[in-house]
Amino acid sequence: MARPFLFFHLAFALCFFLLIRYLLLADAAVVEHTFHVGNLTVERLGQSQVITAVNGQFPGPKIEARDGDTVVVHVVNLSPYNITIHWHGILQRLSSWADGPNMVSQCPIRPAGGRYTYRFNVTGQEGTLWWHAHVSFLRATVYGALLLRPPPGARYPFPMPHREATILLGEWWNASVVDIERQALLAGGAPNNSVALTINGLMGGYQLTVERGRTYLLRIINAALNYQLFFKVAGHSFTVVAADACYTDPYDTDVIVIAPGQTVDALMRADAHPGRYYMAAQVYQSLANATYSATTTALVTYQRRRQPPSLETPPPPVMMPSMPAFNDSATAQGFYASLTGLLQDGTPTVPLHVDTRMLVTFGLGVTPCAPAQTLCNRTLGSVAGSMNNVSFQFPTAMSLLEARMRGAPEGVYTRDFPDRPPVMFDFTSEAASADSAVMATSKGTKVKALRYKETVEVVLQNTAILGAENHPLHLHGFNFYVLAQGAGNFNAHRHVRTYNLINPHQRNTVAVPAGGWAAIRFTADNPGMWIMHCHLDAHLPFGLAMAFEVDDGPTPDAVLPPPPPDYPRC
Ligand SMILES: *[C@@H]1O[C@H](CO)[C@@H](O)[C@H](O)[C@H]1NC(C)=O
Ligand SMILES: *[C@@H]1O[C@H](CO)[C@@H](O)[C@H](O)[C@H]1NC(C)=O
Ligand SMILES: *[C@@H]1O[C@H](CO)[C@@H](O)[C@H](O)[C@H]1NC(C)=O
Ligand SMILES: *[C@@H]1O[C@H](CO)[C@@H](O)[C@H](O)[C@H]1NC(C)=O
Ligand SMILES: *[C@@H]1O[C@H](CO)[C@@H](O)[C@H](O)[C@H]1NC(C)=O
Ligand SMILES: *[C@@H]1O[C@H](CO)[C@@H](O)[C@H](O)[C@H]1NC(C)=O
Ligand SMILES: *[C@@H]1O[C@H](CO)[C@@H](O)[C@H](O)[C@H]1NC(C)=O
Ligand SMILES: *[C@@H]1O[C@H](CO)[C@@H](O)[C@H](O)[C@H]1NC(C)=O
Ligand SMILES: *[C@@H]1O[C@H](CO)[C@@H](O)[C@H](O)[C@H]1NC(C)=O
């Protein structure tokens, strides 16, 4: 009697399993969008401004996908500028062709009708990311959210929020950002500061309505070009649950610190007295003696019960959060150093064996003014950014990735990016950094070649040349573990033992302390060409960048496929 019964159970279990599997596969969707990039006239600060935008929207369209989905975005460039789009934080496993940095993974999509279809899979990623232009300063207005939800049947590793809200923080210029950049390059100096900060593209106009007692997931993205930001909501505190689409241990705080390129997912409980509260974003300025500061606000409003007009009371006054001082590096560093990674079954942990160790100094420096730099200060020279004293020059004839594919780097790049700074000096001393021999930097297009699956540790060391500053360094193609960070010069004897090798958090963009260092680790398991650069956009054309060239692996599933047929070439 028992046997047929058991058989029935087994058959039922098998059918159920097949059904679930079918549903899961059937649910792995294709998320398809068309982006028309073109001119958009918007009114801000009492004047109309022509900006470059996607589909006539500012900020641009939100992309929502689930782990396992394929994302397909057809980009049509109707703008007057060269365009590329970067899917910031997407690992692009075996799809380096779709990464987007201009002249690194592709030549630009040409103006007046150029097209390219970006195609990539979302594999093992959940959380908040974003997309943005990756050519000149155009990402100032060409950006949007890219939200990755858990696959069907999976949950967040935290209580389900009632609602969620995307908070895109940005900067606004009352001029063409292409002109702003052009002028900075001609002068060989810093670009004009923005005239305002924005929240979801607005200055003071965004409103989040909440219900008392509910919890909201804020997906905060710093899309500003050149400034790190403090973010607060008056009368409320947060629990941070993810950064750069990597889950963190819950971290309670009333202030969020976020660098350009980074994202923070934070739960906010609407547990204040029902009323109206400002949310505010304010510049965090790490450069000594700098004076630029700006703040912008939006509203958090509690839903009010409908009253007959006779009983309606005037809305209560709005509370403003008390913001940190604009130069409060202690608060910034306190936030960054408090994050730890959430350990989940089945997710990889930090590699303990390291194949390659690098010490990479980075910051500013000077090079002689070029003849075309007509506004350049001939005494000082042109400001340059550098890593290990190489100021990265973007190739012009073809992209780094195309040259890698052809197996012919000659004339495009060289494989001699150094593992260590060529000259050792007291990196974070203002006096040592003022030596003109130390300030000079050389130009080159040098990459660091890595074997497939090589494990790499990079100690990123800021220098004080032209002023120590907290630079957010973004690595394409990988998430990395942030093992430790600290002030002053890195010292292996003292600092290696401070590494968190148990539950370090992962990011794609690390804000390295001003006049300090951060140690990161990753496994080079993604063949392609991956740029690592400062996400303060002012520093990218200065050359604060380098690239990793990762070899193909030994098996067919570890080989970068050929480029798609519509791949833009120069
Ligand atoms: C777009 O705006 C730029 C700058 O204002 C202008 O030069 C160009 O003609 C405009 N292009 C189109 C297609 O409207
Ligand atoms: C996405 O994954 C599918 C299934 O593994 C694969 O066939 C396809 O080539 C991948 N697409 C890209 C762009 O990597
Ligand atoms: C831009 O804004 C700044 C600060 O508000 C103002 O001084 C300047 O005149 C404005 N420029 C233009 C072109 O409107
Ligand atoms: C940058 O600022 C300077 C000084 O305020 C101004 O003269 C110049 O026009 C600005 N540049 C652009 C491109 O707006
Ligand atoms: C911050 O700026 C204020 C005023 O601009 C200055 O007095 C103070 O010393 C600065 N603090 C730090 C830590 O640099
Ligand atoms: C050029 O740079 C030198 C050295 O920093 C400085 O003293 C001088 O004022 C600058 N000249 C101009 C026109 O900005
Ligand atoms: C960087 O390179 C330049 C040009 O070769 C050289 O003059 C300078 O001393 C170097 N500086 C450092 C800190 O290595
Ligand atoms: C900041 O200003 C102080 C006082 O004027 C000066 O001693 C110091 O060198 C300056 N620091 C930088 C990085 O410019
Ligand atoms: C646009 O891209 C083409 C092809 O790479 C390049 O030749 C041209 O200089 C670029 N234009 C600008 C304004 O950068």
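Remember, it's 1-based here, ligands and their atoms both numbered in the order they're listed. Computed from a prediction, not measured in an experiment: that's the story for all the values here.
In summary, the side chains of Ser382 and Gln373 do present a donor paired with an acceptor at a separation below 3.5 Å, with no hydrogens or angles considered. Checked by atom type, the side-chain pair Asn489/Asp426 shows a donor-acceptor distance below 3.5 Å.
Applying the side-chain contact (heavy atoms from CB on, under 4.5 Å) test between Leu169 and each of Ile220, Thr296, Ile221, Leu197 identifies Ile220 as the sole match. Between Met532 and the choices Met387, His476, His474, the side-chain contact (heavy atoms from CB on, under 4.5 Å) rule is met once, by Met387.
The nearest protein heavy atom to atom 4 (C) of ligand 4 is not closer than 4.0 Å.
Contact annotation: Pro108 has at least one heavy atom less than 4.0 Å from an atom of ligand 9.
If you check each of Val178, Asn174, Asn192, Asn193 against atom 10 (C) of ligand 4, the one with the closest non-hydrogen atom is Asn192. Remark: among candidates Asp328, Leu287, Thr291, Asn327, the nearest residue to atom 14 (O) of ligand 5 is Asn327, based on non-hydrogen atoms.
An N or O contact shorter than 3.5 Å is missing between Thr396 and ligand 9 by distance.
Residues Trp131 and Tyr118 place their aromatic rings such that the two centres sit no closer than 6.0 Å.
In summary, the atoms of ligand 4 found under 4.0 Å from a heavy atom of Ala175, numbered by their order in the structure, are 14 (O).
Ring-plane geometry between Phe35 and Trp87 is classed as tilted, the angle between the planes lying from 30 to 60 degrees on a 0 to 90 degree scale. Ring pair Phe427/Phe425 is perpendicular by interplanar angle, where above 60° counts as perpendicular and below 30° as parallel.
From the protein, the heavy atom lying nearest to atom 9 (O) of ligand 4 is Gln183 NE2, 4.3 Å. The protein non-hydrogen atom at the shortest distance from atom 11 (N) of ligand 9 is Asn82 ND2, 2.8 Å. Of the protein's non-hydrogen atoms, the one nearest atom 7 (O) of ligand 9 is Arg110 NH1, 4.8 Å.
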